[in-house]
Structures are given as structure tokens and as C-alpha cells.
Amino acid sequence: MGVINAMIKVKNVTMNYKGAHRSALKDISVDIDRGEFVFLVGPSGCGKSTFIRLLLRELIPTKGDIFIAGHDLINMRRWRVPQLRRNIGCVFQDFKLLPNKTVYENVAFALEVIGSPTKAIRAQVPEVLKLVGLEDKLQDYPDELSGGEQQRVSIARAFANRPSIILADEPTGNLDPTTSSGIMALLNKINRTGTTVLVATHDREMVDSMRKRVIALEEGTLIRDQQRGVYGYEE
Amino acid sequence: MSFRPFYFLKESLVSFKKNWVISMAGVTTVALSLLLVGSFMLFAFAMNSLIKSTEQKVEVVLFLDQGVPGESVEALQAELMSWEEIKNVLYVSKDQALERLKKDFKGSEIVDNITGNPLPASLEITLKDPQKANNVVDRLKDRPEIDDIMHDREIVEKLFAVTRVARWFIAIFVGLLAFASLLLIANAIRLAIYARRKEVTIMRLVGASSWFIRWPFLLEGILQGFIGALIAITLLYIAKVTLIDKIKNSILMFLPIGLSQQEFYQLVFGLIVAGVVIGAAGSVVALRRFLRV
């Protein structure tokens with residue numbers, strides 16, 4: 001295992017969906033180190049979501065290898081998958097909050113279902129909600145919150161059990177620019193705690209202003225991997 | 001992942017209450033399906049006891065030769081009793097036969113016109129398995145003590161052909177009904193789970209184990225099946241008390257449409273087990289789609 005130092009290691013991965021004419025991803029190789037902040041950019045349909053779903057082992061690639069923190073995803077037993085996912089926090093464009101649970105309950109739920117002890121939940125939930133700046137809204141329901149606040153709840157949920165990786169799929173896709181930069185700042189803050197963060201986005205301004213590593217996909221092919229990069233597409 | 005019964009129980013009760021409209025839809029489906037199966041089972045039990053008692057009427061009567069001495073008759077009776085197909089052998093003497101005739105045709109001129117006793121003595125055989133009647137007749141027909149055997153082979157065969165078909169028909173129909181209700185119930189549960197697919201998705205994404213996700217749904221399905229079965233049983237019980245028992249105690253008393261207490265308890269037990277099993281199986285089947293990794 002000593003060879004694999006990267007947090008996320010993707011090696012010659014090709015993904016063909018059943019019945020599709022072309023590959024969703026073609027021979028992609030990427031290494032992301034512990035503690036990195038990476039943007040995954042490209043137009044809709046370029047394979048960003050497929051890439052994220054592969055890392056969550058929702059999909060298994062047609063060809064190639066994927067390692068997360070040294071664990072081989074291709075040969076991973078099914079019953080191991082939940083263990084993997086506990087180490088990866090997910091944030092989505094549509095927040096995926098439970099409407100009939102309060103902010104507190106939404107975050108606590110994520111800890112309950114992985115079997116955290118009640119005592120730990122009572123301590124961790126307020127703490128992580130304070131981190132995202134929602135310590136005053138514990139008892140609110142999602143529909144009483146703004147879009148930005150809802151995304152903060154979902155980030156709190158993803159980060160509640162301190163995973164080593166946060167994957168965010170278009171986290172600002174539904175938000176206005178001001179709110180978006182707040183969310184990005186939050187992800188940046190989480191990144192500074194040592195968490196590896198991967199953000200799939202087509203938010204040009206955000207990418208250009210943050211100057212982080214940029215991995216660009218086009219039609220399933222990796223066309224650019226650049227430190228302190230920019231969005232770099234003409235649209 | 002440890003199994004945490006109280007957490008699961010709490011979760012399933014809470015969700016049963018929160019989604020009570022959908023839960024009630026499931027319960028109602030179970031109740032109606034089991035009611036349908038149950039009432040048909042009641043009918044089947046009644047038919048079965050009717051068939052059985054009809055079959056039991058099949059008996060073989062041996063008319064004895066006039067000159068046969070008493071000890072030969074006793075010997076024959078003892079021998080027949082030892083045959084394994086035969087349940088009982090009743091000796092009816094000439095005098096008893098005449099008595100019976102007089103009783104059956106009381107007040108009619110037939111009785112008045114009888115002089116002396118023209119009736120033979122007989123042995124009336126009841127069989128353990130009425131279907132074996134023909135074998136018994138075949139084995140007895142050449143015995144010198146016997147003058148004549150009363151047994152209508154053709155009627156017996158026809159009767160059994162009919163009862164066999166009736167039994168098959170009942171079995172197939174109950175089977176189909178049970179299958180149809182299984183589908184209905186699985187569908188109702190699928191709806192309930194579909195309504196909560198978001199929760200399931202989140203559970204999977206944050207890394208809940210498959211069984212952790214399954215247990216509350218499983219318990220909820222069992223709860224729905226159990227409550228549905230109880231409702232069906234209550235309705236069936238009311239039907240039994242107000243309809244079947246009344247009929248039994250009145251006009252149709254002579255018809256052997258019996259439903260013993262024991263049979264009813266069997267039915268109750270069967271329906272509860274069916275409700276619980278179907279509820280559990282339905283949730284597992286319905287969840288499979290949502291748990292696919």
C-alpha cells in the first residue's frame with residue numbers, strides 16, 4: 001500500500017454506460033493528495049457527475065482502477081461500501097434535505113444512521129452547525145431557510161462525522177453569486193481543516209477567483225490539469 | 001453495525017404515524033386482500049366438510065344368505081373388522097331390518113301389507129377411506145355367505161370425480177387469490193417506500209448499512225401486515241357469528257356445513273402469519289430497487 005499516497009487515485013479509468021454510443025469517461029488518470037482543494041470543471045454532460053459517482057462507488061468503471069485512501073474500489077466487497085461512504089461527505093446542487101426534519105435533526109440523522117452514540121451526536125451537531133454559521137437556526141425546518149442556508153445545512157451534514165473527503169456536485173448551481181461565494185468560502189474553510197475537497201462546477205467566476213487546482217473535462221476526456229488554474233472555457 | 005431494536009422500533013412507529021395516510025393505504029390493502037382470501041377459505045372449509053360428509057355416506061351393505069348360521073356371520077364380521085380399510089361393521093338382523101322399514105315408512109300401506117319377514121339380515125360396512133369401496137366389494141363378491149352386495153360402483157366413481165375436481169378448484173382459487181393479494185400488498189409497500197426514497201438515498205450516501213436502512217421498513221411492513229390481518233379477522237369473525245353460525249343453527253341444520261372452532265382458529269392463525277410474512281416480504285422486495293449500490 002505504500003505506493004499509494006494520494007487520497008484519491010484514479011488510474012486509466014474508462015466508463016461506458018450500458019447502451020450508450022460513446023464513453024462517459026475516457027482513460028482518465030488523476031491523483032489528488034490529502035488536503036487538496038480541486039475544481040472539476042467542464043460543460044454539462046462532460047462526465048463530472050460520472051466522475052463523482054465513481055468515487056462514491058455508485059458506479060463501477062468499465063476499465064481502470066480507483067483507490068480512495070488506499071482502498072481499492074473496484075474489488076471492494078459490497079458490505080464495505082457503507083464504510084467507504086462514511087469517509088466521504090457529499091454535497092449536492094439540490095441540497096437533499098429531509099423536509100420533515102429540523103436543521104438539527106437533518107444533521108443528527110446522518111450520524112444516527114451510521115450508528116454514532118447519542119452522546120457524540122449531541123456534542124457534534126451544534127458544533128458543526130456553528131462552523132457553518134447556523135447555530136441560531138437549529139429548530140428551523142428546511143423550507144423556512146434560504147437556499148444558501150439550506151446548502152450550509154447540507155454541508156454541515158456532509159462534514160458532521162469529519163470525513164477525510166468532501167465531494168460537492170454543483171453546490172452553487174441553484175444559488176445567486178453572493179450566496180455562492182459564501183458557500184465556497186465555507187468549503188475553503190473546511191479544506192483548511194485538512195479535508196480534501198473536490199468541487200464539480202461550471203461556475204466560471206468562482207473558479208477564476210479562487211485560483212485552485214483545476215481539472216477540466218470535455219466529452220469524457222481530461223483536457224487540462226492545472227495548479228492555480230482558471231475555468232478557461234469560452235462559452 | 002449493531003442491531004438497535006429500540007431505535008428501529010421508534011423509527012418505524014414514528015414513520016407509521018407521520019405517513020399515516022400511506023400506512024393506512026397499506027393496512028387497508030392487506031385487510032381487504034386477506035378478507036377476500038379469508039372469506040373464500042371459510043367457504044372452502046364449509047365446502048370441504050360438505051364433501052367429506054357426502055363421501056362418508058358411501059357404504060357397503062352385505063345382504064346375507066338366509067341359511068347362514070349365526071357363528072359364520074360373527075366370524076365374517078370379525079374378519080371384516082380386521083381389514084384395514086374398514087372402520088366399522090354393523091350387524092342388522094332380520095328383525096331389526098323390519099323394524100327400520102316400519103319406522104321409515106310409518107303410516108304407509110307398504111307396512112300394512114307385509115306379512116312375515118321377507119327382509120334378509122345384513123352387515124353394514126363403514127369405510128375408513130370411502131375411495132376404497134370398490135376394492136372391498138371386489139374382495140367380497142364371491143363369498144358364499146353373501147347373497148347380494150349393495151354398492152353402486154358408478155355413482156361412487158362419479159361422486160369422487162366431482163369431489164376431486166371441487167377440491168382442486170378450491171385449492172387453485174385460494175392460491176391465485178393469495179398471489180394476487182401478495183402483489184397488491186407489495187405494491188402498496190412500494191408506494192410507501194417511494195414516498196420516502198429521499199430518506200433512503202441520504203441514508204445510503206452517508207454510509208448507513210443496508211440492514212440499517214431495511215429494518216425500519218421491514219418492521220413497518222410487518223406492522224401493516226399485522227394490523228391488516230387483525231382487521232380482516234375481525235370482519236370475518238363478525239361474518240361468522242352473524243351469518244354462518246345463524247344459518248347452521250336454523251334452516252340448514254341438516255346440511256353439514258360445519259366450521260369447527262378449531263378450523264376457525266387455524267384460519268385466524270394462518271391469516272396473521274400470512275399478513276406478517278407478506279408485509280415483511282413486500283418491504284424487502286420493494287426496497288431492493290432503492291438499495292442497489
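The chains referred to below are lettered A, B, ... by the order of the sequence lines, with proteins before strands, and numbering in each begins at 1. Just so you know, these numbers come straight off a predicted model, no measurement behind them. FYI, side chains are in, hydrogens and waters are out, and symmetry mates aren't considered; it's all heavy atoms of this structure.
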Inset, instruction - Can you establish whether the number of heavy atoms outside A:Arg22 located under 6.0 Å from its atom CZ is more than 12? - result: yes
Legend entry - chain B interface, residue from A:Gln83, A:Glu112, A:Lys101, A:Arg157 that has the most non-hydrogen pairs under 4.5 Å: A:Glu112
Legend entry - A:Asn100 portion near chain B, given a 4.5 angstrom heavy-atom threshold: both
Legend entry - Test item: side-chain donor near acceptor, A:Lys212 and A:Asn188, under 3.5 Å: yes
Inset, instruction - For atom NZ of B:Lys198, decide whether the heavy atoms of other residues, nucleotides or ligands shown that lie under 6.0 angstrom number more than 12. - result: yes
Inset, instruction - Examine distances only and state if a side-chain atom of A:Arg80 and a backbone atom of A:Leu73 form a donor-acceptor pair shorter than 3.5 Å. - result: no
Inset, instruction - Go through the atoms of A:Ile60 and report whether side chain, backbone, both or neither lie under 4.5 Å from a heavy atom of chain B. - result: neither
